[in-house]
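No hydrogens, no waters, no symmetry mates; every other heavy atom, side chains included, goes into these values.
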Amino acid sequence: MEKVRVFTAFSGYDSQCLALKKLGVDYDLVGWSEIDKHAIKAHNILFPQFQERNYGDISKIDWSQVPDFDLFTYSSPCQDFSLAGKQKGGEEGSGTRSSLLWECKKAILAKKPKYLLLENVDALVSKKFIELFNSWISELAEYGYVS
């Protein structure tokens, strides 16, 4: 079986890669995207073999320069959805941290990965934000993805 090629966005310390490892999935992290210096340090401690594959700010990635991948995980900032935050939302173009979710369209359209994995807070599917979530799901359906 071939290795699953993975790109993780908003990677943090990369709990997604830890989960893949725990599940025994043979994978190659072809790239990751993180800007927080503390998260980058933690990531590099856990995955020193991938430290040179951080593409940084997701809004500045030239996806034509990124190797193809099978699995795209994205854990966009939750602060503007979370009950613990100010709940400013994440509408496309709104400029909130949570609106960075929409930057993922560029990666999805450019690379057309087989699998997508979105991780976020429960509030993303709450009454307040369900319309936004459904809009995202509809967008993905237009690209041929089904849940």
Checklist entry - Does the gap between the ring centers of Trp63 and Tyr55 come in under 6.0 Å? => result no
Item to check | Minimum heavy-atom distance between Lys111 and Asp68, given as atom pair plus value | outcome: NZ-OD1, 3.1 Å
Checklist entry - If we only count heavy atoms from C-beta on, is the Val4 to Asp26 side-chain gap below 4.5 Å? => result no
Checklist entry - So, do Ile58 and Ser33 sit near enough that their side-chain heavy atoms are less than 4.5 Å apart? => result yes
Next on the checklist: When you compare the side chain of Leu18 with that of Phe47, does any pair of heavy atoms fall below 4.5 Å?
Outcome noted: yes
Checklist entry - What heavy-atom pair brings Pro113 and Ala107 nearest, and what distance separates the two atoms? => result CD-O, 4.4 Å
Next on the checklist: According to salt bridge (Lys or Arg N to Asp or Glu O under 4.0 Å), who are the partners of Lys60, at least two apart in sequence or on a separate chain?
Outcome noted: Asp57
Checklist entry - Is Leu118 close to Leu101 at the side-chain level, that is, under 4.5 Å between some pair of heavy atoms? => result yes
Item to check | Co-membership, hydrophobic cluster, residues Leu23 and Phe50, 4.5 Å side-chain | outcome: yes
Checklist outcome for this item: Rounded to the nearest 0.5 Å, the CD1 atom of Ile35 sits from the OG atom of Ser11 at a distance of 11.5 Å
Item to check | Sub-4.5 Å side-chain heavy-atom contact between Cys104 and Trp136 | outcome: yes
Next on the checklist: Could you tell me if the side chain of Val66 sits less than 4.5 Å from the side chain of Ile61, heavy atoms only?
Outcome noted: yes
Checklist entry - Residues in salt bridge (Lys or Arg N to Asp or Glu O under 4.0 Å) with Glu139, at least two apart? => result Lys105
Next on the checklist: For the CG atom of Asp70 and the NZ atom of Lys3, what is their distance to the nearest 0.5 Å?
Outcome noted: 12.5 Å
Item to check | side-chain contact (heavy atoms from CB on, under 4.5 Å) partner of Trp102, chosen from Ser135, Ser59, Ser76 | outcome: Ser135
Next on the checklist: Please check: side-chain N/O of Trp32 versus main-chain N/O of Gly12, any donor-acceptor pairing under 3.5 Å?
Outcome noted: no
Item to check | All pairs passing side chain to side chain donor-acceptor pair (under 3.5 Å) where residues 37-53 contributes a residue, at least two apart | outcome: Asp14-His43, Asp28-Arg53
Checklist outcome for this item: When rounded to the nearest 0.5 Å, the distance separating CD1 of Ile40 from CG of Asn54 is 5.0 Å
Checklist entry - Of the non-hydrogen atoms in Ser75 and Phe10, which two are nearest, and what is the gap between them? => result O-CB, 3.1 Å
Checklist entry - Would you call Ile108 and Tyr145 a side-chain contact if the rule is heavy atoms closer than 4.5 Å? => result yes
Next on the checklist: When you compare the side chain of Phe69 with that of Val30, does any pair of heavy atoms fall below 4.5 Å?
Outcome noted: yes
